[in-house]
Trainee: 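Structure provided below as structure tokens; questions to follow.
Counting starts at 1 for both ligands and their atoms, following the listed order.
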Amino acid sequence: MKIMPNRMDRGFEMYKEEFEQKALEVLRSGWYVLGKEVSSFEEEFAAYVGAKYCVGLASGLDALQLAFRALNIGEGDEVLVQGNTYIASVMGITMNNATPVIVEPDEYYQIDTTKLEAALTERTKAVLVVHLYGENAKMDDILSFCKKHDLKLVEDCAQSHGSTFNGQMSGTFGDVGCFSFYPSKNLGAFGDGGAIVTNDEAIAKEIRILRNYGSEKRYYFKEVGLNSRLDELQAGLLRVRLKHLPELTEEREKIAAGYLERLNNPLITLPKQREGATCVWHQFVIRCDSRDKLIEYLNEREIGTIIHYPIPPHLSEAYRYLGFKEGDFPITEKMAGDVLSIPMYNGMTEEEQDYVIEALNAYRG
Ligand SMILES: *Cc1c(COP(=O)(O)O)cnc(C)c1O
């Protein structure tokens, strides 16, 4: 049996008729950018997460970049961010000429809140929390830290659509929540897409202007902005998927529960769940000391896996100019060396799950 790490075609098949009907409706409408699909999606997504405002954008990276820009975070300012994240989290900071200050993650893969104080300087202006793999960070600690030191809080929710901490959804704790709708995300479009959510009217308004070249009124430009608009087709298709997101999340929870219950190989460490938090299982990430050998073993059985992420941002070539070196963040670096995302996707059959579980349990290193 051949199993891929992700199957976006399955996610399409599940609601094929609805997607096809919506695509045709948008194509026939004659209106393709910033129209009623986008504004309806913004309303529906804001209501889903429990925020006052949502602004649709072209990508998750743009959401991060514009969030810091709208919060006036730039040159000379420092932003605390966990070391084990997708590089876009850090790019959102550096595209504004602000400085990322790396903090090690905890055992749940989010920022270690016991290490925040030590990373603080006079220049610290914000925390970027990443709900990596779909699990909520320890938001009670983070909120009190930000309040105590008068810091802005931005949430990278690119992997956490619908995850909660003490019943509250990710994206609504901080000043701005940043989402990606890249096709492989839990709420995926059929191309690129992103959004911010916020309860601050002024921030929503500013990002609305910035996404459209800095104009509020057509051909009157207040500032130099971006072209970062969510298009009507993606917004329409996202509305279809959003309606089904609760059941899609439930399906992922069921697959994860099966993995947690039935994987029992002592060579493999399973993910832990934080008390008070829910996980939407963007990835199911295991750890294994002989990870690269395990990948080969699974490849031989035609089971595909992905490493999220093999090189942490601070060691990436792109950030050589920041001057980090190997050994600076040992916990982050160890994770990069032993984490592995096993197949996890909507529409995964029971046979596929059984096959993955049996193969992993039979691994002898
Ligand atoms: C996917 C992702 C992003 C970037 O989103 P794009 O829409 O691909 O630009 C940012 N942060 C994290 C954690 C992600 O997983």
Trainee: With atoms numbered from 1 as shown, which atoms in ligand 1 lie under 4.0 angstrom from a non-hydrogen atom of G60?
Mentor: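 Ligand 1 atoms under the 4.0 Å threshold to G60: 5 (O), 6 (P), 7 (O), 9 (O).
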Trainee: Should Q159 be counted as touching ligand 1, given the test is an N or O pair under 3.5 Å?
Mentor: yes
Trainee: Say whether F181, considering both its backbone and side-chain N or O atoms, lies within less than 3.5 Å of an N or O atom on ligand 1.
Mentor: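 In this structure, F181 places no N or O atom under 3.5 Å from an N or O of ligand 1.
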Trainee: Looking only at protein heavy atoms, which one is nearest to atom 13 (C) of ligand 1, and what is the separation?
Mentor: D156 OD2, 3.5 Å
Trainee: Quick one: does Y182 get an N or O within less than 3.5 Å of an N or O on ligand 1?
Mentor: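 By distance alone, the answer is no.
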Trainee: What atoms in ligand 1 come closer than 4.0 Å to a heavy atom of A88?
Mentor: 3 (C), 4 (C), 10 (C)
Trainee: Between K16 and F19, is NZ or CZ placed under 6.0 angstrom from the six-membered ring centre and within 45° of the ring axis?
Mentor: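 Judged by the rule (NZ or CZ under 6.0 Å from the ring centre, within 45° of its axis), K16 is not positioned above F19.
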Trainee: Less than 6.0 Å separating the ring centroids of Y319 and H314?
Mentor: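 Distance test on ring centres: not under 6.0 Å, no.
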Trainee: On the six-membered ring of F12, is R10 placed so that its NZ or CZ lies under 6.0 angstrom from the centre and within 45° of the ring axis?
Mentor: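 No.
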Trainee: Show the atoms of ligand 1 that are less than 4.0 angstrom away from any heavy atom in L61.
Mentor: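 Listed by number with element: 4 (C), 5 (O), 6 (P), 9 (O).
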Trainee: Compute the shortest N/O to N/O distance between S180 and ligand 1 and return yes if it is under 3.5 Å, no if not.
Mentor: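 Yes.
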Trainee: Where on S59 is there a heavy atom closer than 4.0 Å to ligand 1, on the side chain, on the backbone, on both, or on neither?
Mentor: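 The part of S59 near ligand 1 is both the backbone and the side chain.
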Trainee: Would you say the ring centroid of F284 lies under 6.0 angstrom from that of Y133?
Mentor: no
Trainee: Which residue in the set E37, E18, E25 passes salt bridge (Lys or Arg N to Asp or Glu O under 4.0 Å) when paired with R239?
Mentor: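 Considering E37, E18, E25, a salt bridge (Lys or Arg N to Asp or Glu O under 4.0 Å) with R239 is found only for E37.
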Trainee: When you look at CG of D150, are more than 12 heavy atoms from neighbouring residues, nucleotides or ligands closer to it than 6.0 Å?
Mentor: no
Trainee: To the nearest 0.5 Å, tell me how far K138 NZ sits from L143 CG.
Mentor: 10.5 Å
Trainee: Would you say K185 and ligand 1 have an N/O pair spaced under 3.5 Å apart?
Mentor: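 Indeed, backbone or side chain, K185 has an N or O that close.
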